[in-house]
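Lettering follows sequence order; numbering is per chain, from 1. Heavy-atom basis, side chains included; hydrogens, waters and symmetry copies ignored.
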Number of protein chains: 2
Amino acid sequence: MPINHTVRSFDEELGYLEAKIAKMGTFASEMIEEAVNAVVNNDLDLAKKVISDDMFLDETEREIDEKSVAIIAKRQPMAVDLREIIGAMRIAADLERVGDMGKNIAKRAAAIVESRQPASLYHGLQSFATLTLNQLKEVLDAYASRSLERIDAVRNRDEEIDAMYTSLFRELLTYMMEDPRNITACTHLLFCAKNIERIGDHATNIAEALHYIMTGTYLSTDRPRDDTTYKVGADEKTEK
Amino acid sequence: MPINHTVRSFDEELGYLEAKIAKMGTFASEMIEEAVNAVVNNDLDLAKKVISDDMFLDETEREIDEKSVAIIAKRQPMAVDLREIIGAMRIAADLERVGDMGKNIAKRAAAIVESRQPASLYHGLQSFATLTLNQLKEVLDAYASRSLERIDAVRNRDEEIDAMYTSLFRELLTYMMEDPRNITACTHLLFCAKNIERIGDHATNIAEALHYIMTGTYLSTDRPRDDTTYKVGADEKTEK
(Lines give C-alpha, C1' and ligand atoms only; values in the text may rest on other atoms or scores of the structure.)
Protein backbone atom coordinates (compact mmCIF):
# COMPACT_ATOMS: atom_id res chain seq x y z
CA MET A 1 0.00 0.00 0.00
CA PRO A 2 1.30 3.46 -0.80
CA ILE A 3 1.67 5.95 2.00
CA ASN A 4 -1.52 7.95 2.41
CA HIS A 5 -0.36 11.48 1.62
CA THR A 6 -3.70 13.01 2.52
CA VAL A 7 -2.82 12.75 6.21
CA ARG A 8 0.38 14.74 5.81
CA SER A 9 0.50 17.68 8.13
CA PHE A 10 0.15 21.25 6.93
CA ASP A 11 3.81 21.86 7.80
CA GLU A 12 4.84 18.99 5.62
CA GLU A 13 2.82 20.44 2.77
CA LEU A 14 4.49 23.83 3.16
CA GLY A 15 7.83 21.99 3.29
CA TYR A 16 6.96 20.39 -0.04
CA LEU A 17 6.42 23.82 -1.62
CA GLU A 18 9.64 25.16 -0.11
CA ALA A 19 11.70 22.23 -1.34
CA LYS A 20 10.28 22.63 -4.85
CA ILE A 21 11.13 26.33 -4.82
CA ALA A 22 14.68 25.63 -3.66
CA LYS A 23 15.02 23.15 -6.52
CA MET A 24 13.65 25.66 -9.03
CA GLY A 25 16.09 28.30 -7.76
CA THR A 26 19.14 26.07 -8.16
CA PHE A 27 17.96 24.85 -11.54
CA ALA A 28 17.21 28.35 -12.86
CA SER A 29 20.61 29.65 -11.72
CA GLU A 30 22.40 26.79 -13.46
CA MET A 31 20.40 27.47 -16.62
CA ILE A 32 21.55 31.10 -16.64
CA GLU A 33 25.19 30.12 -16.08
CA GLU A 34 25.02 27.56 -18.87
CA ALA A 35 23.22 29.95 -21.21
CA VAL A 36 25.87 32.62 -20.73
CA ASN A 37 28.62 30.00 -21.18
CA ALA A 38 26.93 28.87 -24.39
CA VAL A 39 27.03 32.45 -25.71
CA VAL A 40 30.59 33.09 -24.52
CA ASN A 41 32.02 29.83 -25.86
CA ASN A 42 29.90 29.49 -29.02
CA ASP A 43 28.64 26.24 -27.58
CA LEU A 44 25.45 25.47 -29.51
CA ASP A 45 25.00 22.02 -27.93
CA LEU A 46 24.94 23.62 -24.50
CA ALA A 47 22.50 26.24 -25.83
CA LYS A 48 20.16 23.45 -27.00
CA LYS A 49 20.37 21.77 -23.63
CA VAL A 50 19.39 25.01 -21.84
CA ILE A 51 16.46 25.56 -24.20
CA SER A 52 15.06 22.09 -23.51
CA ASP A 53 15.84 22.34 -19.78
CA ASP A 54 13.34 25.19 -19.49
CA MET A 55 10.49 22.72 -19.56
CA PHE A 56 11.45 21.49 -16.10
CA LEU A 57 10.76 24.93 -14.61
CA ASP A 58 7.45 25.24 -16.45
CA GLU A 59 6.37 21.89 -15.06
CA THR A 60 7.59 22.58 -11.55
CA GLU A 61 5.82 25.93 -11.42
CA ARG A 62 2.63 24.16 -12.47
CA GLU A 63 3.14 21.52 -9.75
CA ILE A 64 3.59 24.25 -7.16
CA ASP A 65 0.45 26.03 -8.38
CA GLU A 66 -1.66 22.89 -8.35
CA LYS A 67 -0.38 21.86 -4.94
CA SER A 68 -0.94 25.37 -3.56
CA VAL A 69 -4.54 25.53 -4.72
CA ALA A 70 -5.12 22.03 -3.35
CA ILE A 71 -3.68 23.01 0.04
CA ILE A 72 -5.81 26.16 0.21
CA ALA A 73 -8.97 24.20 -0.67
CA LYS A 74 -8.20 21.44 1.80
CA ARG A 75 -6.71 23.34 4.74
CA GLN A 76 -8.47 26.69 4.39
CA PRO A 77 -5.49 28.48 5.92
CA MET A 78 -5.61 32.04 7.22
CA ALA A 79 -3.14 34.85 7.93
CA VAL A 80 0.52 33.87 7.64
CA ASP A 81 -0.31 30.32 6.55
CA LEU A 82 -2.29 31.63 3.61
CA ARG A 83 0.42 34.15 2.81
CA GLU A 84 3.02 31.36 2.78
CA ILE A 85 1.12 29.62 0.01
CA ILE A 86 0.29 32.73 -2.02
CA GLY A 87 3.93 33.80 -1.60
CA ALA A 88 5.20 30.41 -2.80
CA MET A 89 3.12 30.74 -5.98
CA ARG A 90 4.54 34.20 -6.62
CA ILE A 91 8.13 33.08 -6.09
CA ALA A 92 7.60 30.07 -8.38
CA ALA A 93 6.29 32.40 -11.11
CA ASP A 94 9.39 34.57 -10.81
CA LEU A 95 11.74 31.59 -10.95
CA GLU A 96 9.93 30.24 -13.99
CA ARG A 97 10.61 33.59 -15.67
CA VAL A 98 14.28 33.46 -14.69
CA GLY A 99 14.33 30.19 -16.63
CA ASP A 100 12.74 31.99 -19.60
CA MET A 101 15.61 34.48 -19.43
CA GLY A 102 18.05 31.56 -19.65
CA LYS A 103 16.20 30.15 -22.62
CA ASN A 104 16.18 33.56 -24.35
CA ILE A 105 19.92 33.98 -23.81
CA ALA A 106 20.64 30.46 -25.08
CA LYS A 107 18.59 31.12 -28.22
CA ARG A 108 20.81 34.09 -29.05
CA ALA A 109 23.94 31.89 -29.09
CA ALA A 110 23.22 30.67 -32.63
CA ALA A 111 22.69 34.20 -33.93
CA ILE A 112 26.08 35.50 -32.79
CA VAL A 113 28.30 32.51 -33.48
CA GLU A 114 29.63 34.03 -36.74
CA SER A 115 30.71 37.38 -35.41
CA ARG A 116 33.08 37.20 -32.44
CA GLN A 117 33.24 40.27 -30.30
CA PRO A 118 36.13 41.32 -28.02
CA ALA A 119 36.81 39.01 -25.08
CA SER A 120 36.29 41.87 -22.61
CA LEU A 121 32.66 42.04 -23.69
CA TYR A 122 32.07 38.38 -22.90
CA HIS A 123 33.84 38.75 -19.58
CA GLY A 124 31.59 41.70 -18.84
CA LEU A 125 28.52 39.64 -19.63
CA GLN A 126 29.72 36.81 -17.39
CA SER A 127 30.52 39.13 -14.50
CA PHE A 128 27.10 40.71 -14.87
CA ALA A 129 25.45 37.28 -14.76
CA THR A 130 27.49 36.40 -11.65
CA LEU A 131 26.33 39.61 -9.96
CA THR A 132 22.62 39.05 -10.63
CA LEU A 133 22.83 35.34 -9.77
CA ASN A 134 24.42 36.23 -6.43
CA GLN A 135 21.49 38.56 -5.88
CA LEU A 136 19.09 35.74 -6.69
CA LYS A 137 20.93 33.28 -4.45
CA GLU A 138 20.87 35.67 -1.50
CA VAL A 139 17.18 36.32 -1.82
CA LEU A 140 16.47 32.59 -2.02
CA ASP A 141 18.64 32.05 1.07
CA ALA A 142 16.67 34.81 2.77
CA TYR A 143 13.47 32.99 1.83
CA ALA A 144 14.80 29.64 3.09
CA SER A 145 15.76 31.20 6.43
CA ARG A 146 12.79 33.63 6.52
CA SER A 147 15.23 36.47 7.19
CA LEU A 148 13.93 39.99 6.57
CA GLU A 149 17.31 41.62 7.31
CA ARG A 150 18.90 39.82 4.41
CA ILE A 151 16.37 41.35 2.03
CA ASP A 152 17.53 44.91 2.63
CA ALA A 153 21.05 44.08 1.53
CA VAL A 154 19.67 42.62 -1.67
CA ARG A 155 17.48 45.60 -2.46
CA ASN A 156 20.33 48.03 -1.91
CA ARG A 157 22.39 46.21 -4.48
CA ASP A 158 19.93 47.04 -7.28
CA GLU A 159 22.01 50.12 -8.08
CA GLU A 160 25.10 48.01 -8.69
CA ILE A 161 23.16 45.99 -11.23
CA ASP A 162 21.86 49.14 -12.94
CA ALA A 163 25.37 50.58 -13.16
CA MET A 164 26.84 47.41 -14.63
CA TYR A 165 24.03 47.10 -17.15
CA THR A 166 24.43 50.71 -18.27
CA SER A 167 28.16 50.20 -18.67
CA LEU A 168 27.64 47.05 -20.79
CA PHE A 169 24.99 48.87 -22.83
CA ARG A 170 27.38 51.73 -23.61
CA GLU A 171 30.22 49.35 -24.48
CA LEU A 172 27.99 47.43 -26.88
CA LEU A 173 26.85 50.65 -28.60
CA THR A 174 30.51 51.60 -29.07
CA TYR A 175 31.33 48.35 -30.84
CA MET A 176 28.30 48.79 -33.06
CA MET A 177 29.37 52.29 -34.04
CA GLU A 178 32.95 51.19 -34.73
CA ASP A 179 32.01 48.60 -37.32
CA PRO A 180 28.54 47.93 -38.81
CA ARG A 181 29.45 44.25 -39.11
CA ASN A 182 29.22 44.08 -35.31
CA ILE A 183 25.64 45.36 -35.23
CA THR A 184 23.72 42.10 -35.48
CA ALA A 185 25.82 40.27 -32.88
CA CYS A 186 25.93 43.23 -30.51
CA THR A 187 22.16 43.67 -30.74
CA HIS A 188 21.70 40.09 -29.63
CA LEU A 189 24.25 40.61 -26.86
CA LEU A 190 22.28 43.71 -25.78
CA PHE A 191 19.21 41.55 -25.38
CA CYS A 192 21.29 39.01 -23.44
CA ALA A 193 22.40 41.79 -21.10
CA LYS A 194 18.78 42.93 -20.75
CA ASN A 195 17.72 39.40 -19.87
CA ILE A 196 20.43 39.18 -17.23
CA GLU A 197 19.33 42.54 -15.82
CA ARG A 198 15.79 41.22 -15.53
CA ILE A 199 17.03 38.42 -13.28
CA GLY A 200 17.79 41.19 -10.80
CA ASP A 201 14.18 42.39 -11.10
CA HIS A 202 12.94 38.89 -10.36
CA ALA A 203 15.23 38.70 -7.32
CA THR A 204 13.66 41.95 -6.12
CA ASN A 205 10.16 40.54 -6.70
CA ILE A 206 11.08 37.48 -4.63
CA ALA A 207 12.36 39.75 -1.84
CA GLU A 208 9.00 41.53 -1.93
CA ALA A 209 7.13 38.23 -1.80
CA LEU A 210 9.14 37.22 1.27
CA HIS A 211 8.40 40.57 2.93
CA TYR A 212 4.71 40.03 2.22
CA ILE A 213 4.80 36.49 3.63
CA MET A 214 6.47 37.58 6.85
CA THR A 215 4.67 40.87 7.51
CA GLY A 216 1.45 40.83 5.51
CA THR A 217 2.40 44.24 4.17
CA TYR A 218 3.87 45.37 0.88
CA LEU A 219 7.24 47.02 0.38
CA SER A 220 7.12 50.48 -1.17
CA THR A 221 7.27 50.38 -4.95
CA ASP A 222 9.59 53.33 -5.37
CA ARG A 223 12.58 51.10 -6.01
CA PRO A 224 14.38 51.32 -9.34
CA ARG A 225 12.78 48.67 -11.48
CA ASP A 226 13.83 49.35 -15.03
CA ASP A 227 17.10 49.96 -16.74
CA THR A 228 18.56 53.43 -16.83
CA THR A 229 20.01 53.26 -20.31
CA TYR A 230 17.24 55.50 -21.53
CA LYS A 231 19.41 58.20 -20.01
CA VAL A 232 22.26 57.31 -22.32
CA GLY A 233 20.79 59.33 -25.15
CA ALA A 234 20.04 62.23 -22.83
CA ASP A 235 23.56 62.20 -21.35
CA GLU A 236 25.11 62.20 -24.77
CA LYS A 237 22.93 65.11 -25.71
CA THR A 238 24.25 67.26 -22.88
CA GLU A 239 27.82 66.22 -23.62
CA LYS A 240 27.64 67.57 -27.14
CA MET B 1 -24.28 55.01 8.95
CA PRO B 2 -22.15 53.63 6.13
CA ILE B 3 -23.31 50.52 4.36
CA ASN B 4 -21.91 47.42 6.02
CA HIS B 5 -19.73 45.90 3.33
CA THR B 6 -18.99 42.80 5.34
CA VAL B 7 -22.37 41.36 4.39
CA ARG B 8 -21.70 41.67 0.69
CA SER B 9 -22.23 38.41 -1.10
CA PHE B 10 -19.42 36.36 -2.54
CA ASP B 11 -20.64 37.21 -6.05
CA GLU B 12 -20.37 40.87 -5.29
CA GLU B 13 -16.82 40.36 -4.09
CA LEU B 14 -15.90 38.56 -7.30
CA GLY B 15 -17.60 41.37 -9.21
CA TYR B 16 -15.35 43.83 -7.40
CA LEU B 17 -12.26 41.95 -8.60
CA GLU B 18 -13.59 41.76 -12.15
CA ALA B 19 -14.38 45.46 -12.29
CA LYS B 20 -10.90 46.32 -11.02
CA ILE B 21 -9.33 44.08 -13.68
CA ALA B 22 -11.43 45.69 -16.43
CA LYS B 23 -10.26 49.08 -15.21
CA MET B 24 -6.61 47.95 -15.17
CA GLY B 25 -6.99 46.59 -18.71
CA THR B 26 -8.36 49.84 -20.11
CA PHE B 27 -5.80 51.90 -18.24
CA ALA B 28 -2.85 49.73 -19.31
CA SER B 29 -3.94 49.85 -22.97
CA GLU B 30 -4.21 53.62 -22.87
CA MET B 31 -0.76 53.83 -21.29
CA ILE B 32 0.75 51.81 -24.16
CA GLU B 33 -0.98 53.96 -26.79
CA GLU B 34 0.20 57.13 -25.11
CA ALA B 35 3.72 55.80 -24.64
CA VAL B 36 4.02 54.92 -28.32
CA ASN B 37 2.57 58.32 -29.27
CA ALA B 38 5.13 59.98 -27.01
CA VAL B 39 7.93 58.17 -28.86
CA VAL B 40 6.45 58.79 -32.31
CA ASN B 41 5.72 62.50 -31.74
CA ASN B 42 8.72 63.34 -29.52
CA ASP B 43 6.21 64.31 -26.86
CA LEU B 44 8.20 64.33 -23.62
CA ASP B 45 5.32 65.74 -21.56
CA LEU B 46 3.16 62.80 -22.57
CA ALA B 47 6.05 60.47 -21.76
CA LYS B 48 6.25 61.93 -18.24
CA LYS B 49 2.51 61.48 -17.79
CA VAL B 50 2.75 57.80 -18.77
CA ILE B 51 5.66 57.23 -16.39
CA SER B 52 3.73 58.67 -13.45
CA ASP B 53 0.49 56.92 -14.50
CA ASP B 54 2.15 53.55 -13.90
CA MET B 55 1.64 53.98 -10.17
CA PHE B 56 -2.11 53.52 -10.60
CA LEU B 57 -1.60 49.99 -11.91
CA ASP B 58 0.85 49.12 -9.12
CA GLU B 59 -1.70 50.26 -6.57
CA THR B 60 -4.64 48.54 -8.21
CA GLU B 61 -2.75 45.25 -8.47
CA ARG B 62 -2.03 45.54 -4.75
CA GLU B 63 -5.70 46.24 -4.00
CA ILE B 64 -6.71 43.17 -6.01
CA ASP B 65 -4.13 41.05 -4.18
CA GLU B 66 -5.21 42.24 -0.75
CA LYS B 67 -8.87 41.82 -1.55
CA SER B 68 -8.26 38.34 -3.00
CA VAL B 69 -6.41 37.13 0.06
CA ALA B 70 -9.12 38.62 2.28
CA ILE B 71 -11.86 36.85 0.30
CA ILE B 72 -10.03 33.51 0.47
CA ALA B 73 -9.53 33.87 4.22
CA LYS B 74 -13.14 34.90 4.84
CA ARG B 75 -15.06 32.74 2.36
CA GLN B 76 -12.77 29.70 2.16
CA PRO B 77 -13.85 29.06 -1.42
CA MET B 78 -13.24 25.81 -3.28
CA ALA B 79 -13.04 24.61 -6.89
CA VAL B 80 -14.05 27.22 -9.48
CA ASP B 81 -14.64 29.91 -6.85
CA LEU B 82 -11.08 29.55 -5.62
CA ARG B 83 -9.77 29.47 -9.19
CA GLU B 84 -11.65 32.70 -9.94
CA ILE B 85 -9.72 34.45 -7.21
CA ILE B 86 -6.32 32.92 -7.99
CA GLY B 87 -6.96 33.70 -11.66
CA ALA B 88 -7.82 37.32 -10.90
CA MET B 89 -4.51 37.74 -9.06
CA ARG B 90 -2.63 36.29 -12.03
CA ILE B 91 -4.38 38.54 -14.53
CA ALA B 92 -3.76 41.59 -12.35
CA ALA B 93 -0.04 40.72 -12.24
CA ASP B 94 0.08 40.52 -16.04
CA LEU B 95 -1.74 43.83 -16.48
CA GLU B 96 0.60 45.49 -14.01
CA ARG B 97 3.48 44.30 -16.20
CA VAL B 98 1.79 45.65 -19.34
CA GLY B 99 1.87 49.00 -17.55
CA ASP B 100 5.59 48.49 -16.91
CA MET B 101 6.03 48.02 -20.65
CA GLY B 102 4.28 51.36 -21.22
CA LYS B 103 6.56 53.02 -18.67
CA ASN B 104 9.65 51.48 -20.29
CA ILE B 105 8.58 52.69 -23.74
CA ALA B 106 7.84 56.18 -22.43
CA LYS B 107 11.27 56.37 -20.81
CA ARG B 108 12.92 55.75 -24.18
CA ALA B 109 11.23 58.82 -25.68
CA ALA B 110 13.83 61.18 -24.18
CA ALA B 111 16.73 59.10 -25.48
CA ILE B 112 15.64 59.19 -29.12
CA VAL B 113 14.34 62.74 -29.40
CA GLU B 114 17.54 63.96 -31.07
CA SER B 115 17.76 61.44 -33.83
CA ARG B 116 14.62 61.18 -35.98
CA GLN B 117 14.23 57.96 -37.89
CA PRO B 118 12.17 57.41 -41.06
CA ALA B 119 8.40 57.84 -40.64
CA SER B 120 7.76 54.28 -41.86
CA LEU B 121 9.56 52.99 -38.80
CA TYR B 122 7.27 54.89 -36.45
CA HIS B 123 4.22 53.76 -38.39
CA GLY B 124 5.49 50.21 -38.06
CA LEU B 125 5.85 50.63 -34.32
CA GLN B 126 2.33 52.04 -34.03
CA SER B 127 0.79 49.27 -36.13
CA PHE B 128 2.62 46.73 -34.00
CA ALA B 129 1.24 48.31 -30.83
CA THR B 130 -2.27 48.29 -32.32
CA LEU B 131 -1.93 44.60 -33.14
CA THR B 132 -0.83 43.57 -29.64
CA LEU B 133 -3.37 45.86 -27.96
CA ASN B 134 -6.15 44.24 -30.03
CA GLN B 135 -4.84 40.90 -28.78
CA LEU B 136 -4.98 42.19 -25.21
CA LYS B 137 -8.46 43.65 -25.67
CA GLU B 138 -9.84 40.41 -27.07
CA VAL B 139 -8.45 38.35 -24.25
CA LEU B 140 -9.90 40.76 -21.68
CA ASP B 141 -13.27 40.57 -23.48
CA ALA B 142 -12.97 36.78 -23.36
CA TYR B 143 -12.34 37.04 -19.62
CA ALA B 144 -15.30 39.39 -19.11
CA SER B 145 -17.62 37.01 -20.98
CA ARG B 146 -15.89 33.84 -19.73
CA SER B 147 -15.62 32.63 -23.32
CA LEU B 148 -13.15 29.83 -24.00
CA GLU B 149 -13.70 29.90 -27.78
CA ARG B 150 -12.45 33.45 -27.99
CA ILE B 151 -9.16 32.38 -26.42
CA ASP B 152 -8.21 30.10 -29.29
CA ALA B 153 -8.45 32.93 -31.80
CA VAL B 154 -6.11 34.98 -29.62
CA ARG B 155 -3.54 32.23 -29.22
CA ASN B 156 -3.46 31.57 -32.95
CA ARG B 157 -2.58 35.17 -33.61
CA ASP B 158 0.71 34.86 -31.72
CA GLU B 159 2.42 34.08 -35.03
CA GLU B 160 1.26 37.37 -36.53
CA ILE B 161 2.88 39.21 -33.64
CA ASP B 162 6.11 37.23 -34.03
CA ALA B 163 6.23 37.99 -37.77
CA MET B 164 5.65 41.70 -37.28
CA TYR B 165 8.26 41.91 -34.53
CA THR B 166 10.85 40.10 -36.65
CA SER B 167 10.15 42.45 -39.54
CA LEU B 168 10.56 45.53 -37.32
CA PHE B 169 13.74 44.04 -35.85
CA ARG B 170 15.25 43.55 -39.33
CA GLU B 171 14.23 47.04 -40.43
CA LEU B 172 15.86 48.59 -37.37
CA LEU B 173 19.08 46.65 -37.94
CA THR B 174 19.15 47.95 -41.52
CA TYR B 175 18.93 51.57 -40.40
CA MET B 176 21.68 50.97 -37.89
CA MET B 177 23.95 49.51 -40.55
CA GLU B 178 23.26 52.35 -42.96
CA ASP B 179 24.42 55.08 -40.64
CA PRO B 180 26.13 54.68 -37.25
CA ARG B 181 24.43 57.87 -36.09
CA ASN B 182 21.17 55.92 -36.06
CA ILE B 183 22.49 53.27 -33.70
CA THR B 184 21.57 54.80 -30.34
CA ALA B 185 18.02 55.75 -31.37
CA CYS B 186 17.40 52.46 -33.18
CA THR B 187 18.61 50.49 -30.18
CA HIS B 188 16.05 52.23 -28.00
CA LEU B 189 13.38 51.64 -30.65
CA LEU B 190 14.38 47.95 -30.65
CA PHE B 191 13.67 47.81 -26.95
CA CYS B 192 10.36 49.59 -27.53
CA ALA B 193 9.45 46.93 -30.11
CA LYS B 194 10.50 44.22 -27.64
CA ASN B 195 8.28 45.77 -24.97
CA ILE B 196 5.34 45.85 -27.36
CA GLU B 197 5.96 42.21 -28.26
CA ARG B 198 5.87 41.31 -24.58
CA ILE B 199 2.34 42.72 -24.35
CA GLY B 200 1.39 39.83 -26.63
CA ASP B 201 3.01 37.42 -24.16
CA HIS B 202 0.98 38.92 -21.34
CA ALA B 203 -2.20 38.57 -23.41
CA THR B 204 -1.35 34.90 -23.84
CA ASN B 205 -0.76 34.53 -20.10
CA ILE B 206 -4.18 36.06 -19.43
CA ALA B 207 -5.75 33.62 -21.91
CA GLU B 208 -4.10 30.79 -19.97
CA ALA B 209 -5.38 32.17 -16.67
CA LEU B 210 -8.92 32.25 -18.09
CA HIS B 211 -8.57 28.67 -19.33
CA TYR B 212 -7.42 27.66 -15.86
CA ILE B 213 -10.32 29.47 -14.18
CA MET B 214 -12.91 27.83 -16.41
CA THR B 215 -11.51 24.29 -16.64
CA GLY B 216 -9.14 23.81 -13.71
CA THR B 217 -6.57 22.54 -16.20
CA TYR B 218 -3.54 24.15 -17.80
CA LEU B 219 -3.06 24.86 -21.47
CA SER B 220 -0.06 23.18 -23.03
CA THR B 221 3.09 25.27 -22.80
CA ASP B 222 4.35 24.53 -26.30
CA ARG B 223 3.17 27.88 -27.59
CA PRO B 224 5.71 30.32 -29.01
CA ARG B 225 6.65 32.52 -26.12
CA ASP B 226 9.76 34.37 -27.11
CA ASP B 227 10.80 36.36 -30.12
CA THR B 228 12.22 34.63 -33.15
CA THR B 229 14.76 37.27 -34.05
CA TYR B 230 17.48 35.01 -32.73
CA LYS B 231 17.03 33.33 -36.11
CA VAL B 232 17.95 36.54 -37.89
CA GLY B 233 21.64 35.91 -37.43
CA ALA B 234 21.25 32.28 -38.38
CA ASP B 235 19.22 33.16 -41.49
CA GLU B 236 21.78 35.68 -42.58
CA LYS B 237 24.46 33.07 -42.11
CA THR B 238 22.80 30.66 -44.53
CA GLU B 239 22.14 33.49 -46.96
CA LYS B 240 25.82 34.30 -47.24
Evaluate whether atom NZ of Lys48(B) has more than 12 neighbouring non-hydrogen atoms of other residues, nucleotides or ligands under 6.0 angstrom away.
no

Of the backbone (N, CA, C, O) and the side chain (C-beta and beyond), which part of Glu66(B) lies under 4.5 Å from a heavy atom of chain A, both, or neither?
both

Structural part of Leu190(B) lying under 4.5 Å from a heavy atom of chain A:
both

In terms of heavy-atom pairs under 4.5 Å, which option from Met89(B), Arg198(B), Arg83(B) contacts chain A the most?
Arg198(B)

Before you tell me yes or no, could you show the steps for Asp58(A) and Tyr218(B) under side-chain contact (heavy atoms from CB on, under 4.5 Å), namely the whole-Å CA-CA distance, both residues' side-chain angles and the distance that decides it to 0.1 Å?
CA-CA 11 Å; Asp58(A) 291 346; Tyr218(B) 292 85; over 6 Å; no

Distance check, rounded to the nearest 0.5 Å: Ile183(A) atom CD1 versus Leu172(B) atom CG?
11.0 Å

Heavy-atom distance under 4.5 Å between the side chains of Arg181(A) and Met177(B), does that happen here?
no

Step-by-step side-chain contact (heavy atoms from CB on, under 4.5 Å) determination, Thr187(B) to Met176(A)
CA-CA 10 Å; Thr187(B) 300; Met176(A) 288 158 100; 4.1 Å; yes

CA sep, side-chain torsions, deciding dist, call: Met78(A), Gln76(B), side-chain contact (heavy atoms from CB on, under 4.5 Å):
CA-CA 9 Å; Met78(A) 315 227 341; Gln76(B) 307 188 332; 3.8 Å; yes

Please name the pair of heavy atoms, one in Leu219(B) and one in Arg62(A), separated by the smallest distance, quoted to 0.1 Å.
O-NH2, 3.0 Å

Give me the atom names and distance for the closest heavy-atom approach of Val69(B) to Tyr212(A).
CG2-OH, 3.2 Å

Looking at Arg90(B) and Asp65(A), is any side-chain nitrogen of the basic one under 4.0 Å from a carboxylate oxygen of the acidic one?
yes

